[in-house]
There are 2 protein chains.
Amino acid sequence: MKPPPDSSQDTRQRLLEAAVLLFAQKGFDGVGIREISQKAQANSALVQYYFGSKEGLYLAAMSFLFDQGIDSVAALPAPPSLDEPEAFAKALDCLKGYIHAFLEELFACHDPAKCSRELQSAAHLFWTRELMEPAAGRVDIILGHVRPYADYLAACIRVLRPDLAEDAQFLMGSSIHAQIMFFHRDMSMISLLRGSAYGPQDVGTLATHITEFSLRGLGLGNTLQGVQ
Amino acid sequence: MKPPPDSSQDTRQRLLEAAVLLFAQKGFDGVGIREISQKAQANSALVQYYFGSKEGLYLAAMSFLFDQGIDSVAALPAPPSLDEPEAFAKALDCLKGYIHAFLEELFACHDPAKCSRELQSAAHLFWTRELMEPAAGRVDIILGHVRPYADYLAACIRVLRPDLAEDAQFLMGSSIHAQIMFFHRDMSMISLLRGSAYGPQDVGTLATHITEFSLRGLGLGNTLQGVQ
DNA sequence: TTAGGTTAATCAATCGATTGATTGAGTCAA
DNA sequence: TTGACTCAATCAATCGATTGATTAACCTAA
């Protein structure tokens, strides 16, 4: 019965979402609190009121973003343990699903300014940006977001190549992650070199390529015949 | 017989080199011309005198950097053409050499602040940074630097997998480039997840891993038996 | 129900600091 | 003298942050 309450948390939320998009696009130094407040249709003083400082808003934006982004990995079936029956086949499915889900998440929208699922993909811009110049205090937030991804992939590889040493398994996982993220991060360069960009409609193609390339790279090329 | 001439071009050069290192580290918005001038032991007004503006200095720094960085690729033997005798074996060697040379260049120094060959590796920080938010006018400079790399790898793959369509060949090249750059760009994350970072002493290990992973990924796993 | 008091939320105005850029005087070799 | 070069001083603009006033909602005693 109440008219739009429009109370505190609404404005705070608008500031947070505007901050997420602008920080992801332009970085911490690239945006001012005036621009953020304007996009959020709020007063710039509210940044200090709600978040203490511009840095506080930045940290809040990252946390806000990562807290609701883990879904795509958590939604996948848990990777099997080594002694589980049919562990190998399950790990294979997990790996394929992981590659596809990760790509889907990244390509939900490549341009955060034009997409409704913009928040989902903006998280990885923070990820990339923060890892280029890690700042004290921010590292933990990023790491908390990254670790589930790394752990999931590592668990798959542990089952698929239990004969490898841990170092070698880590290298394998890195090679796979490298490919997944490359097609998102370096889209600008790909677009320039290739003439056109990969978009959400290419997720299937990219997932297939990365999966096949990586399974062969893992030394499991024989498993491709029976499946592909 | 002259005491340090300290003439114009010397100051200009000092500004350029200071700009390269600081811009690569902190990005365009992260550094001020005062900080750059101080590091270069020059007056901040000289930025306008020599380069017109801060942006002019930034562009000059990128050009300066990329003009002298192509050596590492140009030093490699030219990739063979398709009809050349022993083209396959040559392309194989070129690919291996390329992966190693590229990694060597990237890992010449990971921390541009502490390294004598700092300029070499700083170029790729520009590369990564610029591709995240491409600005008009800067894209061409980056592309001019990237293209020789992309072309070299593409030429190798064309010989190694002539049966593939051009699109598929591009995907193969992307998967290889993705791995090479991942271990450099995401060193911060790797260091956090793995406990320690890869350094210049690990170039051999990384090159071997990427080469083997990629050759299997390319569907050339059989060639590894005879070599590795 | 009403009047007075308390609180959180929001605002315009302004702060000191820093930014990139400009100026005009100065230096020094040719 | 001339012209290329360098400097301290200064500019307007913008930055993040602070302030004091204003609004609206709720609580409570009369």
Side-chain angles (χ1 to χ4, degrees), chain A residues 1-62 64 129-130 133 135-138, chain B residues 1-62 64 129-130 133 135-138:
Chain A
M1 195 58 66
K2 297 173 183 175
D6 211 56
S7 72
S8 78
Q9 294 308 318
D10 187 45
T11 305
R12 199 189 121 100
Q13 193 74 6
R14 288 204 314 277
L15 273 173
L16 213 44
E17 295 184 6
V20 163
L21 298 180
L22 290 175
F23 278 143
Q25 271 189 282
K26 310 184 180 185
F28 183 79
D29 293 322
V31 221
I33 58 174
R34 285 173 175 81
E35 186 179 356
I36 296 175
S37 325
Q38 185 179 359
K39 184 183 179 78
Q41 291 179 312
N43 190 283
S44 67
L46 296 178
V47 169
Q48 275 72 30
Y49 179 74
Y50 284 116
F51 306 99
S53 65
K54 183 188 180 184
E55 169 130 5
L57 173 59
Y58 186 79
L59 294 176
M62 276 205 296
F64 165 75
R129 213 180 286 275
E130 281 298 318
E133 31 192 341
R138 303 178 184 170
Chain B
M1 197 56 66
K2 296 175 184 176
D6 212 55
S7 73
S8 78
Q9 293 309 316
D10 187 46
T11 306
R12 198 188 122 102
Q13 192 74 7
R14 288 203 316 274
L15 272 174
L16 213 43
E17 295 184 5
V20 162
L21 299 180
L22 290 174
F23 279 142
Q25 268 189 284
K26 310 185 179 183
F28 184 79
D29 292 323
V31 219
I33 58 172
R34 283 174 176 80
E35 186 179 354
I36 295 175
S37 326
Q38 185 179 357
K39 184 182 179 79
Q41 292 180 311
N43 190 281
S44 67
L46 297 179
V47 169
Q48 275 73 28
Y49 178 76
Y50 284 117
F51 307 99
S53 67
K54 183 188 180 184
E55 169 128 5
L57 174 58
Y58 187 78
L59 294 176
M62 277 204 297
F64 165 74
R129 213 180 287 273
E130 280 298 317
E133 32 192 340
R138 302 179 186 172

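Below, all heavy atoms of this structure are taken into account, side chains as well, without hydrogens, waters or symmetry copies.
Atom CZ of B:F51 is separated from atom C1' of D:dC5 by 14 Å (rounded to the nearest Å). Look at CD on A:Q38: it is 11 Å from P on D:dC15, rounded to the nearest Å. Atom pair B:Q41:CD and D:dC7:C1' shows a separation of 15 Å (rounding to whole Å applied). When rounded to the nearest whole Å, the span between CG of A:L46 and P of D:dT19 equals 16 Å. Summarising the geometry, the separation between CZ on A:R14 and P on C:dC11 is reported as 8 Å, rounded to the nearest angstrom. Rounded to whole Å, the distance from CG on B:L57 to C1' on C:dA21 is 14 Å. C:dA9 atom P lies 13 Å from atom CG of A:L15, rounded to whole Å. Summarising the geometry, the separation between CD1 on B:I33 and C1' on D:dC7 is reported as 14 Å, rounded to the nearest angstrom.
At least one side-chain heavy atom of B:L15 sits under 4.5 Å from a side-chain heavy atom of B:F51.
Using modelled atom types, no side-chain atom of A:R34 and backbone atom of A:S44 make a donor-acceptor pair closer than 3.5 Å.
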Next on the checklist: Please evaluate residues B:Q48 and B:I33 with respect to the criterion side chain to side chain contact (heavy atoms under 4.5 Å, CB included), reporting the C-alpha separation (whole Å), side-chain torsions for both, the decisive distance (0.1 Å), and the verdict.
Outcome noted: CA-CA 10 Å; B:Q48 275 73 28; B:I33 58 172; 4.2 Å; yes
Next on the checklist: Walk me through whether B:F28 and B:R129 qualify under side chain to side chain contact (heavy atoms under 4.5 Å, CB included).
Outcome noted: CA-CA 9 Å; B:F28 184 79; B:R129 213 180 287 273; over 6 Å; no
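Between B:T11 and D:dC5 there is no side-chain N or O to OP1 or OP2 distance below 4.0 Å. Between C:dA8 and A:Y49, no contact under 4.0 Å exists linking OP1 or OP2 to a side-chain N or O. An OP1 or OP2 oxygen of C:dA21 is reached within less than 4.0 angstrom by a side-chain nitrogen or oxygen of B:Q48.
Across every non-hydrogen atom of B:A42 and B:T11, the tightest pair is CB-CG2, 3.8 Å.
Listed candidates were D:dC5, C:dT23, C:dG20. Nearest to the side chain of B:K54 is C:dG20. For A:R34, counting side-chain heavy atoms from C-beta on, the closest listed nucleotide (D:dT18, D:dG16, C:dG20) is D:dG16.
Side-chain to base pairing of B:N43 with D:dA8: one donor and one acceptor N or O lie within less than 3.5 Å of each other.
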